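Heads up: the structure comes next, in structure tokens.
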Amino acid sequence: MRAAPRANAYRDTWAGDLDTSRAGTRARVAGWVHRRRDHGGLIFVDLRDRSGIVQLVFHPDQPEAFAAAERLRPEHVLSAEGEVVRREPENVNPNIATGEIEVQVATVAPLAEADTPPFPVDEDTPVDEMLRLRHRMIDLRRDSMREALILRDAVIRTMRETLAAEDFLEIETPILTRSTPEGARDFLVPNRREPGTWYALPQSPQLFKQLLMMSGYERYYQIARCFRDEDTRADRQAEFTQLDVEMGFVEEDDVIDVMERLMAKVFAVAGMEIPAPPWDRVPYAEAMARWGSDRPDRRFGLEIVDVGDALRGSDFKVFESVLGAGGVVRAINAGAQAMSRSELDGLNEVVQRHGGKAVAWATVEEDGSWRSPIAKFLGEERTRAAGELLGASPGDVLLFVADEAGVAAEALGGLRLELGRRFGLIPEDVHDVLWVVDFPMFERGEEGWTALHHPFTAPRGSFDDPGAMLSRAYDLVVDGNELGGGSIRINTPEVQREVFKVIGMSEEEADARFGFLLDALRYGAPPHGGIAFGIDRIVALLAGRESIRDVIAFPKTASGQDPLTGAPAQIDERQLRELGLRLR
Ligand code: ASP
């Protein structure tokens with residue numbers, strides 16, 4: 001129950017709190033004109049405040065109030081006072097909480113007029129997103145935005161309350177700082193006092209939270225704003241909010257245990273029914289092999305099956321050369337789907353979008369044989385063996401990708417999701433939660449090894465073979481979305497230096513950029529680990545919104561613009577001069 005507002009000249013109750021228990025009493029409410037209707041000599045106004053909507057009725061026998069009501073237009077602001085009365089049964093509106101009563105207005109005080117809004121507030125007609133962002137103060141009045149921001153508040157509050165009860169301290173870390181590598185480009189802020197030097201906005205509080213563990217603040221959290229200057233990727237914001245957590249003297253189980261309890265509460269706040277923890281922990285290699293993704297959506301089947309051994313040794317050159325070169329042949333049984341030849345061929349384009357080259361197909365005949373351009377090369381024995389692995393029955397469509405293991409996994413993972421969507425296989429009311437663990441520590445990029453999570457993650461294995469090293473990282477995945485990730489960290493300077501070395505950082509560079517961390521690791525650094533969750537993404541998932549922009553009060557467009565304020569904007573000559581900058 002919401003606390004009532006302090007009674008003042010404008011109101012003595014929230015509009016949305018009025019119900020039949022108040023019938024026969026006087027109430028004063030304030031808000032915006034949501035709708036106004038003239039009805040046979042009566043004027044009805046739906047008055048909206050943050051709590052909801054209440055119907056005001058203006059009678060001609062209150063001539064002053066009635067005259068004022070005649071001038072009211074959508075989004076005018078007013079305060080009104082009158083008697084709360086029960087509606088006639090035929091006028092009850094079951095769609096709103098206050099639908100059994102109305103306020104018969106005796107006096108009204110117009111507080112502000114409003115121009116005609118650029119789009120209606122009172123209905124969810126689709127409105128162009130640029131227009132919504134340009135007039136965000138109007139857009140935020142709409143129900144859908146209000147619900148999303150109220151849910152966001154509930155999520156963040158649940159996080160704070162749960163963590164406080166678990167003895168975590170909320171500690172702020174700097175926004176003006178030095179670059180921390182989370183793999184993206186930094187936003188830079190010029191330093192006026194010493195032109196040529198720059199602050200970076202934090203990509204995450206990673207190093208500060210580790211330093212806090214070394215300082216003995218064994219349980220830290222922060223609702224942290226992070227900044228990453230990435231090229232436009234769908235549904236990312238350059239600044240975003242994460243729940244950032246770090247704990248001292250912990251192993252994976254300790255972090256995962258608290259976070260499972262926390263996240264179960266967060267899901268419950270939104271009424272999302274998820275399996276009770278503990279949640280499955282799936283090794284990265286298994287996730288890639290079975291679902292072709294490190295954030296698998298396991299709500300539907302179409303699992304990937306390795307059919308390389310079954311098909312080996314055939315006359316089909318493509319498969320043979322891939323297998324000969326150490327690659328794989330993997331397949332999906334798409335089930336009994338009526339797909340035309342051109343639809344099947346069209347799947348090539350899907351796997352190409354996911355980095356693959358082509359997909360081969362077969363449909364299973366009544367007698368178990370395959371109808372497929374490649375069947376005759378494979379031979380009956382092999383197709384029968386592969387069919388068995390795939391659980392093939394007559395009518396099933398089988399889809400094959402042959403490639404290097406990583407490429408085949410990605411391609412089939414993309415294909416699997418596309419087919420799941422296309423065939424309507426993904427249930428909306430069933431949820432799947434899991435941890436992905438045992439990630440590779442390093443991945444091979446164009447310029448050598450990079451850390452898959454970040455270079456402060458504790459590795460497992462030998463530095464003699466970086467490609468085989470695993471990391472002590474874990475990601476939380478819900479319905480195919482990665483909601484958060486973290487790791488146990490390195491806590492000795494020696495291991496930290498080794499990792500820097502593998503990713504191609506010289507001793508000098510390591511000292512120049514991370515000397516403070518390497519130093520700190522020499523003064524008593526306990527084992528520690530943590531995690532961060534993307535709050536925008538979590539709220540979007542819980543609110544069932546397509547875009548994280550719909551759960552952020554003032555987001556930017558995909559290209560980083562804020563149509564409301566016009567940011568980013570030019571600065572004037574004097575500001576540039578003060579900063580010692582000249583534009584090229
Ligand atoms: N700093 C990491 C991130 O922002 C999370 C973590 O390792 O705690 O993704």
Side-chain angles (χ1 to χ4, degrees), residues 159 163 168 170-175 177-187 200-214 217-230 233 236-248 250-260 262-263 284 294-295 435-443 450-460 470-478 481-491 495-496 499 503 514 517 525-538 548:
M159 291 173 169
L163 290 171
F168 283 75
E170 182 167 9
I171 302 177
E172 290 149 283
T173 56
I175 294 291
T177 177
R178 231 196 128 100
S179 125
T180 49
E182 300 273 351
R185 212 173 277 126
D186 288 317
F187 279 100
L201 304 184
Q203 292 189 33
S204 90
Q206 184 61 34
L207 294 178
F208 289 107
K209 67 175 170 175
Q210 290 190 232
L211 294 178
L212 285 169
M213 295 310 106
M214 299 173 205
Y217 295 87
E218 292 162 37
R219 293 177 155 221
Y220 140 97
Y221 83 96
Q222 182 179 194
I223 307 295
R225 198 63 72 82
C226 304
F227 305 86
R228 297 183 192 175
D229 186 7
E230 288 170 301
R233 278 212 255 161
R236 294 254 180 156
Q237 290 277 307
E239 63 177 296
F240 58 94
T241 309
Q242 69 184 26
L243 170 67
D244 198 51
V245 174
E246 197 75 7
M247 303 167 74
V250 289
E251 300 184 312
E252 288 86 334
D253 284 344
D254 301 295
V255 180
I256 286 178
D257 174 61
V258 189
M259 291 304 123
E260 286 186 342
L262 167 71
M263 291 307 289
Y284 171 90
D294 59 0
R295 44 189 169 86
W435 295 94
V436 176
V437 296
D438 296 339
F439 284 86
M441 178 69 197
F442 300 106
E443 67 187 334
T450 56
L452 194 77
H453 190 58
H454 52 54
F456 317 109
T457 296
R460 273 201 318 242
L470 297 182
S471 77
R472 297 181 65 184
Y474 31 78
D475 277 1
L476 184 69
V477 176
V478 177
N481 301 286
E482 182 209 320
L483 295 189
S487 59
I488 300 301
R489 325 295 186 188
I490 295 166
N491 73 321
V495 175
Q496 189 61 74
V499 168
I503 62 174
F514 299 113
L517 174 70
H528 62 287
I531 194 163
F533 291 97
I535 290 182
D536 307 307
R537 181 130 303 125
I538 288 173
I548 61 171

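Every number for a ligand or one of its atoms is a count from 1 in the order of the listing. Keep in mind that this is a model prediction, so the values were computed, not measured. Note that the numbering runs from 1 along the sequence shown for the chain.
In summary, the side chains of Gln203 and Asp186 do present a donor paired with an acceptor at a separation below 3.5 Å, with no hydrogens or angles considered. A donor and an acceptor atom, one from each side chain of Tyr220 and Glu246, are nowhere located under 3.5 Å apart. Judged purely by distance below 3.5 Å, without hydrogens or angles, the side chains of Trp435 and Glu260 pair a donor atom with an acceptor atom.
Near Gly486, with a cut-off below 4.0 Å to any heavy atom, the atoms of ligand 1 are 6 (C), 7 (O). Within ligand 1, the atoms closer than 4.0 Å to a non-hydrogen atom of Ile531 are 8 (O), numbered from 1 in the order shown. Distances below 4.0 Å separate heavy atoms of Gln242 from the following atoms of ligand 1: 4 (O).
Polar contact check, Arg228 against ligand 1: a nitrogen or oxygen pair lies under 3.5 Å apart. Taking only nitrogen or oxygen atoms, main chain and side chain alike, Ser204 reaches within less than 3.5 Å of ligand 1. Between Ser487 and ligand 1, not a single N/O pair is under 3.5 Å apart.
Residue contact annotation: Lys209 has a non-hydrogen atom under 4.0 Å from ligand 1. Within the 4.0 Å heavy-atom shell around ligand 1 one does not find Glu246.
When the salt bridge (Lys or Arg N to Asp or Glu O under 4.0 Å) test is applied to Asp229, no partner is found at least two apart in sequence or on another chain. Partners of Arg219 under the salt bridge (Lys or Arg N to Asp or Glu O under 4.0 Å) rule, at least two apart in sequence or in another chain, do not exist in this structure.
Residue His454 touches ligand 1 through its side chain alone, judged by heavy-atom distances below 4.0 Å. Of the heavy atoms in Arg489, only side-chain atoms (C-beta onward) come closer than 4.0 Å to ligand 1.
Salt bridge annotation for Asp244-Lys209: present, with a cationic side-chain nitrogen under 4.0 angstrom from a carboxylate oxygen. Between Asp438 and Arg460 there is a salt bridge, with a side-chain nitrogen of the basic residue lying less than 4.0 Å from a carboxylate oxygen of the acidic one.
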